[in-house]
There are 2 protein chains.
Amino acid sequence: MRTGERRPTLADVAAQAGVSTALASIVMREAPGASAATRRRVLEVAEQLGYHPDARARLLRSGRSRLLGVVFGVQHAFHGDLVTGLYDAAEDLKYELTLSAVTERRGERRAIQALLQDRCEALIVLGPQSSTASLAALSARLPVVAVGRGLRHRALDVVRSDDVLGLHLAVDHLVALGHRRIVHIDGGRMPGAAERRRGYREAMRRHGLDDEIRVVPGGPTGEDGAAAVSLIRDLPTAITVFNDLASTGVLDALRRAGVSVPEDVSVIGYDDSRLARLTYLDLTTIAQDTASMTTLAVTRALARIEGEKVPQRELVIPPHLVPRGTTAAL
Amino acid sequence: MRTGERRPTLADVAAQAGVSTALASIVMREAPGASAATRRRVLEVAEQLGYHPDARARLLRSGRSRLLGVVFGVQHAFHGDLVTGLYDAAEDLKYELTLSAVTERRGERRAIQALLQDRCEALIVLGPQSSTASLAALSARLPVVAVGRGLRHRALDVVRSDDVLGLHLAVDHLVALGHRRIVHIDGGRMPGAAERRRGYREAMRRHGLDDEIRVVPGGPTGEDGAAAVSLIRDLPTAITVFNDLASTGVLDALRRAGVSVPEDVSVIGYDDSRLARLTYLDLTTIAQDTASMTTLAVTRALARIEGEKVPQRELVIPPHLVPRGTTAAL
DNA sequence: ATGAAAGCGCTAACAG
DNA sequence: CTGTTAGCGCTTTCAT
């Protein structure tokens, strides 16, 4: 189906339009310095020949790639939201995004390697798994922005959600509804778990509920949530859970135990994932502000590329509560 | 943190190692024609200098990009599985994958455009949304493989799952368990819905259950599934549902109605999504063979690039049943 | 086994 | 406004 001929080059277009390649180049990249007539003619020929500029040659010559590398987990629903936001944020800036996925068999190291070969000018790593040290080493080569995980290193920019605040919001909401006996189901060693745990404890204390503090070991999966429920000694009136997925396990375990939500027990998740939005789950949850996070990540990457001075390496974005059907007044 | 110096080029490595760039090039791309000693020395210097080959220059010179463009929906969980499979399939071939995401605000057209500028040699489009005509037009420029949606056009390669067979398997499974009164909840106008509907009807007839055929209008979402349940007149003993997500709605609606699964009613979903695998859902479902689909998609793309003759434009992969906890003998 | 030279498709100086 | 010249960093003949 394909024509055997090679694809047209700028030289072809130029020749066909009867101008030099330099002039054709000016037209193609909409640079000033070509007459309207020429401009029209070149564009016409380009269209007719089906010419598409060769991004690689272009970038090779201009010395810069104008590429922002994004490392993301392709199985990770939340990363999908972030990638969407990143595209939006990069939209009008004259930078392109290039994606490199982390899969079960393709580690973060390989994903990053591919991006380096593409000569990206900065890296935005979603939920980085590499060691702080190795990312910091990378940052000697190009700016690295970590999103969603709080790495502490002077060479790394970090954009993350304020997980401590997230649990403050959750507990405040429950207390406002009259709850006092509130249990937190923990996320173990997952990124963010420590902060959420701390946020829970702080908020409980702030409300004078020191004696009610109960942290039950859990994890990130539905099973973890379900298992955690069975560890709870006397049923509280409300539960804050590490994330939405674990919450679904919690909801299911409660239901099996004959406990109604939110009549008997209120439940709050974390992430505002698609799961939480399912109408029949209708999970009250804490939403991370992906729009702000992605915009800031891109802005920060560009600032580093341009060599601007930036005041702080870490940007902490406040999340917000999304009240839905799994929380109710006592 | 970054050193101000430009990144090392092959010439730097060559000079430092005391060889020509040509020789250094041979070493870097593991081509034959360099002594072990040279090889070692060059590699050593490269490592020490932190040299990374410039993919763009490399490809520019060699005239080919050895790039396979992949268009995928970043929000689409199933696409995540496919992308993972594609990376695996491309692993040992000397082609690289380059991803371009479709988001709510970044249409398939833009995603494809970016890939064209990257000089991909073939396009693999997951769940294409563009018109058959526009994809066919594209295929005049480079091979296009559509995955997961059955486009019928002589210029397009298609790799998809056999949805008709999928529902045969579902119905057969239920019949083997003693079910006869089996309802199908439909997917409306979604890709694959028509085939699944047809597969249901065919299988029912094959089992002599013509009189039991009941197709209830539904859709792809959880809500659709829940709504469909309320449309069912007299409760059957089993339900086949368009997909897993809708199945969760079905399960929830049944539960609310006091119907136990699988004791009273068996339910089968479709996709074997992560949802289905959640232990507390434990949904019996039909799994698409993503490994085969992705392997074949890559193989086919390469065959087209190499200009091989291929017997058929459409590859239909059989799915398989994943028996779990939502189906039981009558 | 190694090196010299040419050039991939394009853009950036500089001339005119 | 337009053309000429020189590469970007690499691979590929073709010599040696």
Side-chain angles (χ1 to χ4, degrees), chain A residues 5-43 45-46 49-67 94 96 116-121 141-142, chain B residues 5-43 45-46 49-67 94-96 116-121 141:
Chain A
E5 316 140 31
R6 59 163 179 61
R7 37 192 355 165
T9 70
L10 184 61
D12 298 329
V13 175
Q16 184 82 9
V19 298
S20 71
T21 58
L23 194 44
S25 169
I26 285 175
V27 173
M28 289 318 295
R29 68 201 137 89
E30 306 181 41
S35 70
T38 306
R39 212 169 273 279
R40 188 153 31 75
R41 192 148 37 83
V42 171
L43 254 19
V45 172
L49 260 44
Y51 169 76
H52 284 259
D54 185 320
R56 314 196 115 77
R58 199 180 334 236
L59 304 177
L60 174 58
R61 172 62 236 215
S62 51
R64 307 189 43 180
S65 71
R66 300 209 155 274
L67 246 35
K94 24 180 201 166
E96 286 286 322
L116 288 179
Q117 295 216 348
D118 281 347
R119 288 294 185 270
C120 293
E121 297 188 23
R141 304 182 55 74
L142 81 178
Chain B
E5 316 142 30
R6 61 163 179 61
R7 37 191 355 166
T9 70
L10 183 61
D12 298 329
V13 175
Q16 185 83 11
V19 298
S20 69
T21 57
L23 194 46
S25 169
I26 285 175
V27 173
M28 289 318 293
R29 68 201 137 89
E30 307 181 41
S35 69
T38 305
R39 210 170 275 280
R40 188 152 31 75
R41 190 150 35 85
V42 171
L43 255 18
V45 173
L49 257 47
Y51 169 75
H52 286 259
D54 185 320
R56 315 195 114 80
R58 173 124 87 178
L59 304 177
L60 174 58
R61 172 60 237 214
S62 50
R64 308 188 42 180
S65 71
R66 299 209 154 275
L67 245 37
K94 22 181 203 166
Y95 280 77
E96 284 287 323
L116 287 180
Q117 294 217 348
D118 280 347
R119 288 293 184 270
C120 292
E121 298 188 26
R141 303 183 54 76

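Naming convention: chains lettered A, B, ... in sequence-line order (proteins, then strands); numbering from 1 in each chain.
- Partners of A:Ala57 by side chain to side chain contact (heavy atoms under 4.5 Å, CB included), not counting sequence neighbours, listed by chain and number: A:Asp54, B:Leu60.
- Listed by chain and residue number, nothing satisfies the side-chain hydrogen bond (donor to acceptor under 3.5 Å, both in side chains) test with A:His52 (two or more places apart in sequence, or in another chain).
- A close approach under 4.0 Å does not occur between any side-chain nitrogen or oxygen of B:Thr9 and OP1 or OP2 of D:dC8.
- Contact annotation: B:Thr38 side-chain N/O to C:dT2 OP1/OP2 distance is under 4.0 Å.
- When distances run from any side-chain atom of B:Ser20 to the nucleotides D:dT11, C:dC10, C:dG3, the shortest one goes to C:dG3.
- Every residue meeting the side chain to side chain contact (heavy atoms under 4.5 Å, CB included) condition with A:Arg41, not counting sequence neighbours, appears here in chain and number order: A:Ala17, A:Val19, A:Thr38.
- In this structure, of D:dC10, C:dG9, D:dG3, it is D:dC10 that holds the atom nearest to the side chain of B:Leu10.
- Note: CZ (B:Arg56) to P (C:dT11) measures 13 Å, nearest angstrom.
- With contacts defined as side-chain heavy-atom distances shorter than 4.5 Å, the pair A:Arg66/A:Glu96 does not qualify.
- Whole-Å rounding puts the A:Leu60 CG to C:dT11 P distance at 11 Å.
- Between A:Arg58 atom CZ and C:dA12 atom C1' the separation is 14 Å, expressed in whole Å.
- Here C:dT2 is the nucleotide among D:dG9, C:dC10, C:dT2 with the atom lying nearest to any side-chain atom of B:Ser35.
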Would you list the protein and nucleotides 12-16 of chain D atom pairs, both N or O, that sit under 3.5 Å from each other?
unit_1	atom_1	unit_2	atom_2	d
D:dT12	OP2	B:Arg29	NH1	3.2

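- B:Arg64 places its CZ atom 17 Å from the C1' atom of D:dC10, with the value rounded to the nearest Å.
- In this structure, CE of B:Met28 is placed 9 Å from P of D:dT11, rounded to the nearest angstrom.
- Listed by first and then second residue, the side-chain hydrogen bond (donor to acceptor under 3.5 Å, both in side chains) pairs that reach into residues 14-25 of chain A are A:Ser25-A:Arg29, sequence neighbours excluded.
- Note that CD1 of A:Ile26 is 10.5 Å distant from OG of A:Ser35, once rounded to the nearest 0.5 Å.
- The CZ atom of A:Arg39 sits 9 Å away from the P atom of D:dC1 (whole-angstrom rounding).
- In this structure, B:Arg119 atom CZ and C:dG9 atom P are separated by 9 Å, rounded to whole Å.
- Summarising the geometry, the separation between CD on A:Gln117 and P on D:dC10 is reported as 10 Å, rounded to the nearest angstrom.
- Within the helix from C:dA1-D:dT16 to C:dG16-D:dC1, the inter-axis angle between the opening and closing five-pair segments is 30°, rounded to 10°.
- The closest side-chain heavy-atom distance from A:Arg56 to A:Asp118 is below 4.5 Å.
- The line from CZ of B:Arg119 to CG of B:Leu67 is 11.5 Å long, rounded to the nearest 0.5 Å.
- To the nearest 0.5 Å, atom CE of residue A:Met28 and atom CZ of residue A:Arg39 are 11.0 Å apart.
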